[in-house]
Number of protein chains: 2
Amino acid sequence: MPKTHPTSEPLSKQRLRLWLRFLKAQSSIEAEIRRRLRDQYGSTLPRFDVMSALARFPDGLKMSEISGLLKVSNGNVTGIVDRLTQDGLALRVAVPGDRRAQLVRLTPAGQSAFAELAQAHEAWLDEMLGGLGPDELDGFGELLDGVSEHLGEGGD
Amino acid sequence: MPKTHPTSEPLSKQRLRLWLRFLKAQSSIEAEIRRRLRDQYGSTLPRFDVMSALARFPDGLKMSEISGLLKVSNGNVTGIVDRLTQDGLALRVAVPGDRRAQLVRLTPAGQSAFAELAQAHEAWLDEMLGGLGPDELDGFGELLDGVSEHLGEGGD
DNA sequence: TCAATCTATTTCAAGCATAAAATTTCTTGC
DNA sequence: GCAAGAAATTTTATGCTTGAAATAGATTGA
């Protein structure tokens with residue numbers, strides 16, 4: 001008889017409490033990932049996210065495509081790509097027919113750096129979400145779908 | 001027969017994909033909350049979090065207590081409390097026996113501003129998590145507990 | 001043509017976040 | 001009393017993030 005909540009508590013309070021737990025789990029995992037990226041690789045999550053997008057499109061992405069994929073502002077991407085470029089991990093190449101736009105690509109150094117980061121990232125999550133077996137992953141996924149659906153979000 | 005994943009896919013990849021969905025749901029909800037706080041109340045999430053902590057302790061909190069509760073850095077809290085103070089929502093009062101520390105309290109204006117924000121915040125979440133009924137809330141909560149437990153996190 | 005408009009990107013100002021260094025004030029041990 | 005260390009906070013440097021303004025280049029329609 002799983003009844004872990006007082007029936008007297010309004011549903012809105014229960015949803016609020018769930019959100020706070022949700023946030024707590026999320027931010028502790030994310031904080032740990034940021035810490036490891038920093039300590040073990042001298043990198044950051046925003047950089048990882050941009051590299052991840054670039055890795056999926058070897059032909060390059062325009063600045064606006066990156067910001068669209070990651071759902072962040074244009075100005076934000078400018079800064080991150082600047083720093084990636086300074087570090088030799090990305091480069092901007094001209095688009096033939098359009099002098100406004102540029103394609104951003106990972107350099108070979110960027111590709112191998114990302115491969116290393118991605119492998120570590122997957123292993124970290126495997127470790128941190130290790131408490132979840134196949135059935136729980138399915139159940140969790142369905143709940144998340146329910147939320148996203150209700151939010152009226154489209155996929156990428 | 002819910003079998004939404006290929007059995008061939010390694011568990012680590014499933015966990016990674018779950019994390020990405022988790023992040024997506026979380027960040028779209030959070031982005032919407034930030035947007036509404038900004039557009040409807042001219043406020044921000046960090047301010048709301050600090051005010052929320054202060055509201056729970058009417059006798060005041062030391063700077064280090066705030067940063068401990070919210071798990072953010074000391075320097076971060078300095079800036080947020082500075083701005084809250086400039087806006088007349090919080091104030092620093094001296095601690096009798098210790099000239100190093102100060103207690104931060106909500107002003108009456110801060111209290112009523114927070115009450116309004118908190119009510120809106122709860123209603124927003126109720127709306128955004130409206131797809132989840134009591135049973136789903138319980139199931140979700142247990143999954144989150146499983147994650148947090150595996151992470152070895154203590155409660156606040 | 002060429003002016004109006006649209007598109008792609010960068011720049012700017014402000015706030016948030018961190019870790020590390022600096023400052024000020026207590027506390028402790030002699 | 002006082003020097004050494006600990007504690008509370010602020011400051012600093014750097015990076016991330018946004019929305020809004022600015023810049024530069026393309027497109028379109030009279």
Side-chain angles (χ1 to χ4, degrees), chain A residues 23 27-28 30-51 53 60-87 89-104, chain B residues 23 27-28 30-51 53 60-87 89-104:
Chain A
L23 259 190
S27 59
S28 65
E30 188 171 307
E32 182 63 24
I33 291 175
R34 286 181 192 272
R35 185 160 30 245
R36 292 184 187 186
L37 279 175
R38 173 194 177 82
D39 295 347
Q40 298 179 25
Y41 296 97
S43 191
T44 68
L45 209 39
R47 277 159 123 100
F48 178 74
D49 289 340
V50 168
M51 292 174 82
L61 286 171
K62 293 197 291 184
M63 297 299 283
S64 52
E65 290 174 329
I66 298 174
S67 59
L69 283 170
L70 303 184
K71 299 194 202 329
V72 299
S73 65
N74 278 342
N76 190 356
V77 174
T78 296
I80 297 170
V81 170
D82 281 352
R83 288 181 286 270
L84 243 24
T85 300
Q86 280 169 16
D87 293 352
L89 301 175
L91 49 82
R92 289 171 161 98
V93 300
V95 174
D98 191 339
R99 273 183 304 170
R100 294 169 304 180
Q102 299 177 94
L103 284 177
V104 184
Chain B
L23 259 191
S27 59
S28 65
E30 189 171 307
E32 182 63 23
I33 290 175
R34 287 181 192 272
R35 184 159 33 242
R36 293 184 186 186
L37 279 177
R38 171 193 179 84
D39 294 347
Q40 299 179 24
Y41 295 97
S43 192
T44 66
L45 209 39
R47 278 160 123 100
F48 178 74
D49 289 340
V50 168
M51 293 175 82
L61 286 171
K62 295 197 291 183
M63 297 299 284
S64 53
E65 290 174 329
I66 298 174
S67 59
L69 283 169
L70 303 184
K71 300 196 198 330
V72 298
S73 65
N74 278 343
N76 190 355
V77 175
T78 295
I80 297 169
V81 170
D82 281 352
R83 287 181 286 270
L84 244 22
T85 300
Q86 281 168 17
D87 292 352
L89 301 175
L91 50 82
R92 290 169 160 99
V93 300
V95 174
D98 191 340
R99 274 184 303 174
R100 292 170 303 181
Q102 299 176 91
L103 283 177
V104 184

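As a basis for the values below, the full set of heavy atoms in this structure was taken, side chains included, without hydrogen atoms, waters or symmetry mates. First the proteins, then the strands, lettered A, B, ... as listed; each starts at 1.
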Spacing of [X] atom [atom1] relative to [N] atom [atom2], expressed in whole Å:
X	N	atom1	atom2	value
A/D49	D/dT17	CG	C1'	13 Å
A/D87	D/dT14	CG	P	14 Å
A/M63	D/dG25	CE	P	17 Å
B/L61	D/dA8	CG	C1'	14 Å
A/Q102	D/dA24	CD	P	14 Å
A/L84	D/dG15	CG	P	12 Å
B/R83	D/dT10	CZ	P	13 Å
A/D82	C/dT9	CG	P	13 Å

task: Please tell me which of B/E65 and A/V77 maps to the more 5' nucleotide of DNA chain D, matching each residue to the nucleotide holding its nearest heavy atom.
output: B/E65

message: Quick check: on DNA chain C, is the nucleotide nearest A/A101 upstream (toward 5') of the one nearest B/R47, or the reverse? Name the residue that is more 5'.
response: A/A101

Closest listed nucleotide, where the reference is the side chain of [X] and the choices are [options]:
X	options	value
A/N76	C/dT9, D/dA8, D/dT18	D/dT18
B/P46	C/dT10, C/dA17, D/dT9	C/dA17
A/T78	C/dT11, D/dT10, C/dC26	C/dT11
B/K62	D/dA26, C/dT10, D/dT9	D/dT9
B/N74	C/dT10, C/dA8, D/dT10	D/dT10

Could you measure the distance from the [atom1] atom of [X] to the [atom2] atom of [Y]? Nearest 0.5 Å is fine.
X	Y	atom1	atom2	result
B/R38	B/L45	CZ	CG	13.5 Å
A/Q40	A/R35	CD	CZ	11.0 Å
B/I80	B/L84	CD1	CG	8.0 Å

field: D/dG15 OP1/OP2 closer than 4.0 Å to side-chain N/O of A/R34
entry: no

- prompt: When you check the phosphate oxygens OP1 and OP2 of C/dC26, does a side-chain N or O of B/R99 lie under 4.0 Å from one of them?
  reply: yes

Once you apply a heavy-atom cut-off of 4.0 Å, does [X] come out as touching a base, just sugar-phosphate, or nothing?
X	result
B/D98	sugar-phosphate
A/R38	sugar-phosphate
B/S73	base
B/L45	nothing
A/G75	base
A/R35	nothing
A/V72	sugar-phosphate

- line: Residues B/D49 and B/L70: closest non-hydrogen pair is O-CD2, 3.9 Å

query: Heavy atoms, side chains only, cut-off 4.5 Å: are A/R36 and A/S43 in contact?
result: no

field: pair A/L103-A/K62: side-chain heavy atoms closer than 4.5 Å
entry: yes

- request: Classify the side chain of B/R100 and the base of D/dA7 as holding, or not holding, a donor-acceptor pair under 3.5 Å.
  value: yes

